[in-house]
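In what follows, a structure is listed as structure tokens, so that the remarks can point back to it.
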Amino acid sequence: MSATVVKLQPSSLYIATQIITNDDDTVETTAWHWSFFVTDPSCRTSQHHWNIIPGIGEESYQHRPVSRVLAKIDAERSAYVVFCRLPGWNAPDMHTFQSTLDGLYKQYQGIHYSRLRLLDPMRSCRTWIIDALRSFVADGWLVLDHELTSSVEDGTWFFAAEQKIKDLSAPATQRYLKMEDDWMDTATFKPTIDTF
């Protein structure tokens, strides 16, 4: 059976979380890989994230076009469990968007992930996403309701956004693991799709 296709709305910004499988084949249930999925008016989609370069181990900003957004990525235990849409997205041109994201954590690009954890254990794909959101709000790309202005200024909106993604991801991960435990075809897994 083929993997579930995730239908995203046009002209939108999503935060997605993906299951992390450890070296011992256990699944993290309180941590996920975080990334952005961005759609244009025609629903062409691209993924943007802070990630380890496969086979090299260095961390960097990476982006790629996505022809079809699939919940289950491959035959391994890798699935997106949450897609959370952020309303108020006013997309800049893609070059500006990519340049801004490439500038985040510039000082960490190309450092092996094990060394980076020693240098700055707080740097991760999750903190990169939150720092990018701060930039998007400051640049006017993510326009929040007027009553949220004070929560943006004191940082509580960003904490609330991060917490909502975590709160959605934990039960979605448990649903995925239950499918595995019940010997169900995880290709049929349907991620949680929500709006912040």
Side-chain angles (χ1 to χ4, degrees), residues 5-18 32-54 58-71 73 80-111 113 116 120 122-166 168-169 191-196:
V5 175
V6 180
K7 301 209 180 296
L8 303 179
Q9 294 183 27
S11 302
S12 295
L13 173 69
Y14 288 83
I15 297 173
T17 55
Q18 178 183 351
W32 302 270
H33 178 66
W34 294 50
S35 61
F36 288 121
F37 279 78
V38 179
T39 59
D40 70 8
S42 301
C43 237
R44 286 181 301 220
T45 305
S46 56
Q47 179 186 26
H48 305 264
H49 54 153
W50 179 259
N51 198 21
I52 297 170
I53 301 169
E58 295 175 352
E59 296 199 24
S60 69
Y61 161 58
Q62 297 167 38
H63 58 88
R64 67 183 180 98
V66 180
S67 58
R68 288 186 327 144
V69 180
L70 301 176
I73 300 163
Y80 291 102
V81 291
V82 166
F83 288 86
C84 190
R85 183 175 172 272
L86 290 107
W89 180 239
N90 294 316
D93 67 87
M94 191 52 70
H95 175 74
T96 303
F97 181 71
Q98 289 175 345
S99 293
T100 297
L101 292 178
D102 190 47
L104 293 174
Y105 294 7
K106 193 72 167 175
Q107 71 273 26
Y108 300 115
Q109 293 207 32
I111 297 175
Y113 72 89
L116 180 55
D120 192 345
M122 295 307 295
R123 295 296 149 223
S124 68
C125 56
R126 177 185 50 79
T127 59
W128 183 86
I129 291 284
I130 299 305
D131 288 344
L133 290 176
R134 290 178 196 282
S135 177
F136 297 167
V137 169
D139 291 340
W141 301 347
L142 185 60
V143 179
L144 305 175
D145 291 337
H146 182 68
E147 63 268 6
L148 296 175
T149 302
S150 64
S151 66
V152 167
E153 290 170 357
D154 70 11
T156 56
W157 183 87
F158 302 102
F159 174 78
E162 178 181 349
Q163 193 59 50
K164 174 160 183 162
I165 302 296
K166 290 177 180 178
L168 292 170
S169 297
T192 299
I193 300 175
D194 204 334
T195 300
F196 185 74

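What you see is a predicted model, and the numbers here were worked out from it, not measured in a lab. Note that the numbering runs from 1 along the sequence shown for the chain. As a basis for the values below, the full set of heavy atoms in this structure was taken, side chains included, without hydrogen atoms, waters or symmetry mates.
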(message) Nearest 0.5 Å, please: how far is CG in Asp194 from SG in Cys84?
(response) 5.0 Å

(request) Mind checking the CG-OG1 spacing from Asp93 to Thr96? Nearest 0.5 Å is all I need. (result) 3.0 Å

(request) Report yes if some heavy atom in the side chain of Val82 is under 4.5 Å from a heavy atom in the side chain of Ile193; otherwise report no. (result) no

(request) Please check if the side chain of Ser12 supplies one atom and the backbone of Pro10 the other of a donor-acceptor pair under 3.5 Å. (result) yes

(message) Just verifying a value: how many Å separate Glu162 CD and Phe158 CZ, rounded to the nearest 0.5 Å?
(response) 11.5 Å

(request) Heavy atoms only: give me the nearest Leu104-Trp128 pair and the separation to one decimal. (result) CB-NE1, 3.5 Å

(message) Less than 4.5 Å apart, side chain to side chain, heavy atoms only: is that true for Tyr105 and Asp131?
(response) yes

(request) Determine whether Ser46 and Met94 make a side-chain contact, defined as any pair of heavy atoms from C-beta on separated by less than 4.5 Å. (result) yes

(request) Dump the intermediate steps for side chain to side chain donor-acceptor pair (under 3.5 Å) on Tyr61 and Asn51, then the final yes or no. (result) CA-CA 6 Å; Tyr61 161 58; Asn51 198 21; over 6 Å; no

(request) Look at the side chain of Lys164 and the backbone N and O of Thr195, then say whether any donor-acceptor pair between them is shorter than 3.5 Å. (result) yes

(request) For Asn90, enumerate each residue passing the side-chain contact (heavy atoms from CB on, under 4.5 Å) test, keeping only those at least two apart in sequence or located in another chain. (result) Val143

(message) Could you work out, with side-chain hydrogen bond (donor to acceptor under 3.5 Å, both in side chains) as the rule, every residue matching Thr192, not counting sequence neighbours?
(response) Arg175

(request) Among Val38, Asp40, Val6, Leu8, find the residue that satisfies the side-chain contact (heavy atoms from CB on, under 4.5 Å) test when tested with Thr45. (result) Leu8

(message) Rounded to the nearest 0.5 Å, what separates atom SG in Cys43 from atom NZ in Lys7?
(response) 9.0 Å

(request) Would you please name every residue forming a side-chain hydrogen bond (donor to acceptor under 3.5 Å, both in side chains) with Gln9, sequence neighbours left out? (result) Arg85

(request) Give a yes or no on whether the backbone of Arg126 and the side-chain of Ser124 come within a donor-acceptor separation of less than 3.5 Å. (result) yes

(message) Nearest 0.5 Å, please: how far is SG in Cys125 from CD in Gln18?
(response) 9.0 Å

(request) Apply side chain to side chain donor-acceptor pair (under 3.5 Å) to the pair Gln47 and His63, showing each step before the final yes or no. (result) CA-CA 5 Å; Gln47 179 186 26; His63 58 88; over 6 Å; no

(message) I want to check something: taking the side chain as every heavy atom from C-beta on, are Leu144 and Val137 in contact at a cut-off of under 4.5 Å?
(response) yes

(request) Would you confirm whether Thr39, through its side chain, and Ser11, through its main-chain N or O, come within 3.5 Å as a donor-acceptor pair? (result) yes

(request) Among His49, His48, Gln62, find the residue that satisfies the side-chain contact (heavy atoms from CB on, under 4.5 Å) test when tested with Leu101. (result) His48

(request) Run the ring-centre check on Phe37 versus Phe83 and record whether the distance is less than 6.0 Å. (result) yes

(request) Give me the one residue out of Trp141, Phe196, Phe136 that meets side-chain contact (heavy atoms from CB on, under 4.5 Å) with Leu13. (result) Phe136

(request) Could you please spell out the steps behind the side chain to side chain donor-acceptor pair (under 3.5 Å) verdict for Tyr80 and Ser35? (result) CA-CA 10 Å; Tyr80 291 102; Ser35 61; 4.8 Å; no

(message) Restricting to non-hydrogen atoms, name the atom on Trp34 and the atom on Lys166 that form the minimum distance, rounded to 0.1 Å.
(response) CZ2-CG, 4.0 Å

